[in-house]
Visitor: 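Dropping the structure in here first, questions after.
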Amino acid sequence: MTTSTKYTSTKEAIKKLESYCAYQDRCHSEVITKLYSLSIPSNEHDDILVYLIENKFLNEERFARSFARGKHRISAWGKNRIISELKLRKISSTLIKYALEEISNDLYLETFDRISDSKWNTLSDTDIEKKKQKLHAYLYRKGYESDIIYDKLKELSQS
């Protein structure tokens with residue numbers, strides 16, 4: 001059960017949102033959701049968003065870039081998963097393109113190989129086709145492209 005705190009002044013709400021945005025990069029949709037949860041009247045949302053942007057608390061490009069870096073580095077997500085998650089957060093396709101530039105091709109393939117090999121070695125199926133299906137499903141959920149998945153499956157099943 002969550003309680004919604006009502007802020008009596010815009011100034012108080014801005015302080016709360018400054019902390020919210022300073023803690024970690026946020027996208028506009030997250031901040032808007034927070035505005036509603038703070039019971040801020042809709043007619044004040046634009047002014048607050050402008051203030052946060054002008055004072056560098058809110059920056060969609062910075063958010064998209066750090067999101068892509070973090071999700072790839074920490075969660076080993078592939079580009080497809082990162083793209084769909086950013087779209088879910090209403091990030092523009094231009095900013096998504098910039099965000100993907102944060103992941104070098106070498107790092108991307110290195111991460112892909114590392115998690116593929118690791119997962120392959122933990123799968124205990126004796127049926128090679130089942131093992132390949134499980135690895136494919138795992139990598140696909142992570143957001144990797146089908147062509148590199150199939151190449152890797154071919155490589156692993158021959159070794």
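Note that the numbering runs from 1 along the sequence shown for the chain.
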Visitor: Return the OH to OG distance between Y144 and S116, rounded to the nearest 0.5 Å.
Guide: 7.5 Å
Visitor: What are the two closest heavy atoms between A68 and A99, and how far apart are they?
Guide: CB-O, 3.4 Å
Visitor: When you compare the side chain of E155 with that of D151, does any pair of heavy atoms fall below 4.5 Å?
Guide: no
Visitor: Quick check: closest heavy atoms across I148 and L109, and the distance to 0.1 Å?
Guide: CD1-CD2, 4.5 Å
Visitor: Can you name the residues that form a salt bridge (Lys or Arg N to Asp or Glu O under 4.0 Å) with K15, not counting sequence neighbours?
Guide: E18
Visitor: Is the shortest heavy-atom distance from the side chain of L17 to the side chain of I40 under 4.5 Å?
Guide: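 Of all side-chain heavy-atom pairs linking I40 with L17, none is under 4.5 Å.
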Visitor: Under 3.5 Å, is there a donor-acceptor pair between the side chain of E30 and the main chain of C27?
Guide: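 Confirmed, E30 side chain pairs with C27 backbone.
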Visitor: On a heavy-atom basis, which atom in L135 and which in L123 lie closest, and how many Å separate them?
Guide: N-CD1, 3.9 Å
Visitor: In terms of ring plane angle, is the pair H136 and Y140 parallel, tilted or perpendicular, where the classes change at 30° and 60°?
Guide: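 Parallel.
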Visitor: Is the positively charged end of R26 above the ring of Y20, judged by distance under 6.0 angstrom from the centroid and angle within 45° of the axis?
Guide: yes
Visitor: Supply the atom-to-atom distance S93 OG to Y98 OH, rounded to the nearest 0.5 angstrom.
Guide: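 Spacing of OG (S93) from OH (Y98) equals 10.5 Å.
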Visitor: Is there a side-chain contact between E54 and V50, using heavy atoms and a 4.5 Å cut-off?
Guide: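 The answer is yes; the side chains approach within 4.5 Å.
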Visitor: Kindly compute the distance separating CG (L139) from CZ (F112), expressed to the nearest 0.5 Å.
Guide: 5.0 Å
Visitor: Who passes salt bridge (Lys or Arg N to Asp or Glu O under 4.0 Å) against K130, sequence neighbours left out?
Guide: none
Visitor: Identify the heavy atoms of T122 and K119 that sit nearest to each other, and give their distance.
Guide: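 What the structure gives for the nearest pair is OG1-O, 2.8 Å.
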Visitor: Give the cluster check for F57 versus F63: same hydrophobic cluster or not, with ILVMFWY residues linked at side-chain heavy-atom distances below 4.5 Å.
Guide: no
Visitor: Determine the sole option in I53, N59, N55, V31 for which the side-chain contact (heavy atoms from CB on, under 4.5 Å) test with C21 is passed.
Guide: V31
Visitor: Just jot down the salt bridge (Lys or Arg N to Asp or Glu O under 4.0 Å) partners of D113, sequence neighbours excluded, or say none.
Guide: K152
Visitor: Let me check something: do I91 and I103 share a hydrophobic cluster, defined by ILVMFWY side-chain heavy atoms less than 4.5 Å apart, either directly or through other members?
Guide: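 Linked, I91 and I103 end up in one cluster.
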Visitor: Checking Y36 against H45 for the ring pair (Phe, Tyr, Trp, His ring centres under 6.0 Å) test, could you report, in this order, the C-alpha distance in whole Å, the side-chain angles of both residues, the deciding distance, and whether it holds?
Guide: CA-CA 9 Å; Y36 281 110; H45 288 191; 4.7 Å; yes
Visitor: Tell me which donor-acceptor pairs under 3.5 Å the side chains of residues 81-89 have, and how far apart each pair is, sequence neighbours excluded?
Guide:
| residue | atom | partner | partner atom | Å |
| --- | --- | --- | --- | --- |
| R81 | NH1 | R141 | O | 3.3 |
| S84 | OG | N80 | O | 3.4 |
| S84 | OG | R81 | O | 3.1 |
| E85 | OE1 | R89 | NH1 | 3.0 |
| R89 | NH1 | E85 | O | 3.1 |

Visitor: Show your reasoning for whether side-chain contact (heavy atoms from CB on, under 4.5 Å) applies to K154 and Q158.
Guide: CA-CA 6 Å; K154 201 180 296 175; Q158 290 172 355; 3.8 Å; yes
Visitor: Would you verify whether the NZ or CZ of K79 falls within 45 degrees of the ring axis of Y108 while also being under 6.0 Å from that six-membered ring's centre?
Guide: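 Pair K79/Y108 counts as cation-pi.
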Visitor: Can you tell me how far the CG atom of L153 sits from the CD atom of Q133, to the nearest 0.5 Å?
Guide: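 L153 CG to Q133 CD: 10.0 Å, rounded to 0.5 Å.
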Visitor: Using salt bridge (Lys or Arg N to Asp or Glu O under 4.0 Å) as the criterion, list what pairs up with E129, not counting sequence neighbours.
Guide: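 Scan of E129 (salt bridge (Lys or Arg N to Asp or Glu O under 4.0 Å), adjacent residues dropped) gives K132.
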Visitor: Strictly distance-based, threshold 3.5 Å: is any side-chain N or O of S118 a donor or acceptor partner for the main-chain N or O of I115?
Guide: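 Here the side-chain-to-backbone pair does not exist.
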Visitor: Restricting to non-hydrogen atoms, name the atom on Y51 and the atom on I14 that form the minimum distance, rounded to 0.1 Å.
Guide: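 Y51 and I14 have their closest heavy atoms at CE2-CG2, 3.2 Å.
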Visitor: Between OG1 of T33 and CG of L38, what distance do you get to the nearest 0.5 Å?
Guide: 11.0 Å
Visitor: Name all pairs fulfilling the side-chain hydrogen bond (donor to acceptor under 3.5 Å, both in side chains) condition that reach into residues 65-77, sequence neighbours left out, sorted by first residue then second.
Guide: D25-S66, E61-R65, R65-E102, R69-E102, H72-T111
